[in-house]
Amino acid sequence: MGLKVLVVGGGGREHALVWKIAASPLVDSVIVAPGNAGIREEAECVPVAAEDVAGQLALALARKVDLVVIGPEAPLVGGLSDQLRARGIAVFGPSQAAAALEGSKAFMKDLLARYRIPSAGHRTFTDPTEALAHLRVSPVPVVIKASGLAAGKGVIVATTRAEAEAGLGRIMVEREFGEAGAEVVIEDFLPGEEASLLALVDGERVLPLAGAQDHKAVGEGDRGPNTGGMGAYSPAPVLDAALTARAIDEILLPTVRAMAREGRPYRGVLYAGLMIHEGGIRVLEFNARFGDPETQPILMRMRSDLVPLLLATATGSLAGQVIDWDERVALCVVMSAGGYPGAYKKGDRIEGLEAVRGMAGVKVFHAGTEATEAGIVTAGGRVLGVTALADDVAAAQGLAYAAVDRIRWRGSYCRRDIGYRAVGREKR
Ligand code: AMP
Ligand code: GLY
């Protein structure tokens with residue numbers, strides 16, 4: 001008998017996970033809650049919201065699943081893993097205590113400082129007056145972060161003091177990101193190039209995935225406000241083998257050991273957002289889950305079966321596991337609703353999905369989509385992750401945009417420069 005797997009979530013990351021998990025010979029069936037229109041073509045979807053911890057637990061028990069894979073941060077921070085483990089269900093995803101690495105930037109920054117793990121200098125505030133006083137004497141640029149969860153949007157990189165003060169007001173006083181802004185972290189600005197290094201962690205051991213690079217800003221050339229991520233590719237040339245090894249030794253392993261020492265052993269995927277500058281590596285952020293959209297290109301390159309890796313992570317037995325990667329480059333372009341990360345429309349009919357279905361080397365991962373009688377319509381800010389696999393970055397970029405150009409809906413938007421840093425490196 002094969003395994004019955006429940007995947008929690010309904011975004012592009014979860015579509016990629018479901019696609020990869022369903023391809024495993026170990027798996028009999030995949031249930032997804034809540035899923036989306038693309039996932040529905042590959043697995044059974046059940047309408048339980050990702051953050052509905054009680055609902056997800058009830059679903060896992062009712063359907064007697066063998067493994068639960070938790071995609072987004074909200075159910076992790078809400079303690080879903082703990083509840084599943086308490087009922088004896090294998091779960092891929094850290095405990096609530098370990099997910100604090102993502103759920104509380106104040107906790108994370110304090111941990112890194114105490115264990116001397118390289119990161120930006122910082123101060124934490126719960127009082128807006130004190131935070132403002134600190135900003136008035138901070139050099140700019142300066143970075144202001146809502147401590148809690150804010151869907152990748154609660155970070156303001158301010159280049160002037162006026163912008164910094166306005167940003168603080170939005171986070172702490174206007175509460176643009178809700179309770180996430182009750183506490184803020186004010187950080188030194190770090191120059192450099194960013195990369196994402198994700199690793200499977202079984203409590204002790206760290207097994208890195210292929211490196212990736214994300215594009216967080218909404219505008220071309222990395223301008224404009226931050227989003228959840230507008231595109232990503234793997235491998236990231238900036239994260240060569242030597243830097244990856246150093247990132248493991250200097251950042252990931254010390255963090256995993258620190259979490260164990262703190263009585264919060266980490267089991268799941270640990271996502272390190274890194275800043276690389278003049279040979280130094282520092283942590284910008286940790287996420288307690290797979291990155292979105294990094295997962296789409298990373299999994300497109302993964303040759304190994306993902307399911308034994310998820311099980312080994314869940315059961316503390318990563319020793320001896322290896323991952324086989326496709327040498328080629330995968331690149332994902334996110335198509336979003338116009339207006340995102342601000343207000344945007346939903347319910348626009350998406351045209352052209354059939355036209356790209358047969359394209360070799362292309363996979364369209366759905367994020368905010370919904371199947372209706374009128375066809376597939378938009379249902380979120382990030383709508384699709386059009387992902388291509390090819391011999392080099394330029395070719396993957398060309399192929400991804402060739403597919404993007406066949407898809408449209410009223411008000412659709414995408415950055416046209418995903419992968420530009422790596423394409424520039426390739427040309428040199
Ligand atoms: P975070 O969610 O903490 O990774 O922040 C989102 C984005 O803001 C990062 O991907 C960076 O582009 C930027 N950022 C965050 N912290 C810093 C920092 N200390 N220095 C420079 N840029 C930063
Ligand atoms: N792409 C950034 C994230 O998943 O947080």
Side-chain angles (χ1 to χ4, degrees), residues 9 11-14 16-17 71-74 76-77 99 101-109 112-113 118-123 138-159 164 167 171 177 180 184-198 209 211-219 221-234 236 269-277 280-299 332-334 336 341 365 367 381-382 385 415 418 421:
R13 160 189 50 217
E14 287 78 23
L17 285 166
E73 58 276 20
L76 293 169
V77 171
L101 267 186
E102 172 167 6
S104 167
K105 288 185 194 281
F107 165 79
M108 181 273 274
K109 292 293 292 184
L112 296 189
S119 177
H122 82 286
R123 295 270 308 269
S138 300
V140 285
V142 64
V143 184
I144 305 152
K145 301 183 174 182
S147 178
L149 293 181
K153 292 168 224 157
V155 173
I156 292 169
V157 180
T159 49
I171 293 177
F177 309 103
V184 297
V185 171
I186 298 181
E187 266 183 33
D188 301 340
F189 174 83
L190 297 178
E193 183 169 347
E194 287 182 62
S196 309
L197 182 61
L198 286 71
L209 304 181
Q213 202 162 40
D214 185 15
H215 300 63
K216 288 210 170 83
V218 72
D222 299 323
R223 278 183 271 270
N226 272 331
T227 67
M230 293 303 295
Y233 58 93
S234 171
V269 58
L270 181 59
Y271 167 134
L274 304 173
M275 190 64 100
I276 297 159
H277 184 59
I281 311 174
R282 289 197 265 189
V283 183
L284 286 180
E285 65 165 335
F286 280 119
N287 294 319
R289 50 169 175 83
F290 284 103
D292 190 346
E294 290 93 330
T295 304
Q296 292 83 316
I298 288 174
L299 291 185
C332 171
V333 176
V334 170
S336 70
F365 294 111
R382 294 190 292 173
R415 276 179 64 165
I418 300 304
R421 282 200 185 81

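Numbering of ligands and ligand atoms starts at 1, following listing order.
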Handout entry: Validation row: His215, Tyr233 side chains within 4.5 angstrom (heavy atoms)
Key = yes
Handout entry: Under-4.0 Å salt bridge between Asp222 and Arg421
Key = yes
Practice task
Tell me which one of Lys145, Arg282, Glu187, Met108 gets a heavy atom nearest to atom 15 (C) of ligand 1.
Solution key: Lys145
Problem - Interatomic spacing from CG in Leu274 to CD in Glu285 - rounded to 0.5 Å - result: 9.5 Å
Fill in the blank from the handout: Within 4.0 Å of some non-hydrogen atom of Ala120, the atoms of ligand 1 are 19 (N)
Practice task
Return yes or no for this condition: an N or O of Phe189 is under 3.5 Å from an N or O of ligand 1.
Solution key: no
Problem - Flag side-chain contact, heavy atom, 4.5 Å: Ser147 against Met108 - result: no
Practice task
Evaluate the side-chain proximity of Val143 to Val157: yes if any heavy-atom separation is below 4.5 Å, no if none is.
Solution key: yes
Practice task
Within a distance under 4.0 Å of any heavy atom of Pro293, pick out the atoms of ligand 2 and give their elements.
Solution key: 1 (N)
Handout entry: Test item, Asp188 contacting ligand 1 (heavy atom, 4.0 angstrom)
Key = yes
Practice task
Under 4.0 Å, heavy atoms only, figure out whether ligand 1 is touched by the backbone of Leu284, its side chain, both or neither.
Solution key: both
Handout entry: Per-atom contacts of ligand 2 with Gly291, taking only distances under 4.0 Å to non-hydrogen atoms
Key = 4 (O)
Fill in the blank from the handout: Between Gly224 and Ala217 the two heavy atoms that sit nearest each other are O-CB, 3.8 Å
Practice task
Under 4.0 Å, heavy atoms only, figure out whether ligand 2 is touched by the backbone of Glu294, its side chain, both or neither.
Solution key: side chain
Problem - N/O separation below 3.5 Å, Glu285 to ligand 2 - result: no
Problem - Close side-chain approach of Thr295 and Phe365, heavy atoms under 4.5 Å - result: no
Practice task
Go through ligand 1 atom by atom and flag the ones less than 4.0 Å from a non-hydrogen atom of Asn226.
Solution key: 6 (C), 7 (C), 8 (O)
Fill in the blank from the handout: Nearest heavy-atom approach of Met230 to Ile418 is O-CD1, 3.5 Å
Handout entry: Carboxylate-amine/guanidinium proximity below 4.0 Å for Lys109 and Glu187
Key = yes
Exercise for the section: Under 4.0 Å from a heavy atom of Lys105: give me the atoms of ligand 1 that qualify, with their elements. Expected result: 1 (P), 2 (O), 3 (O)
Practice task
Could you check if a side-chain atom of Glu294 sits within less than 4.5 angstrom of a side-chain atom of Leu209, using non-hydrogen atoms only?
Solution key: no
Completion exercise
If we number the atoms of ligand 2 from 1 as shown, the ones under 4.0 Å from a heavy atom of Arg289 are 3 (C), 4 (O), 5 (O)
Exercise for the section: Would you check the N or O atoms of Gly228, main chain and side chain alike, for any that come under 3.5 Å of an N or O of ligand 2? Expected result: yes
Fill in the blank from the handout: Counting from 1 in the order shown, the ligand 1 atoms closer than 4.0 Å to a non-hydrogen atom of Glu194 are 9 (C), 10 (O), 11 (C), 12 (O)
Completion exercise
Honestly, for Val155 the part within reach of ligand 1 (heavy atoms, under 4.0 Å) is side chain
Exercise for the section: Closest by any non-hydrogen atom to atom 1 (N) of ligand 2: pick that one out of Asp214, Asn287, Thr227, Thr295. Expected result: Asp214
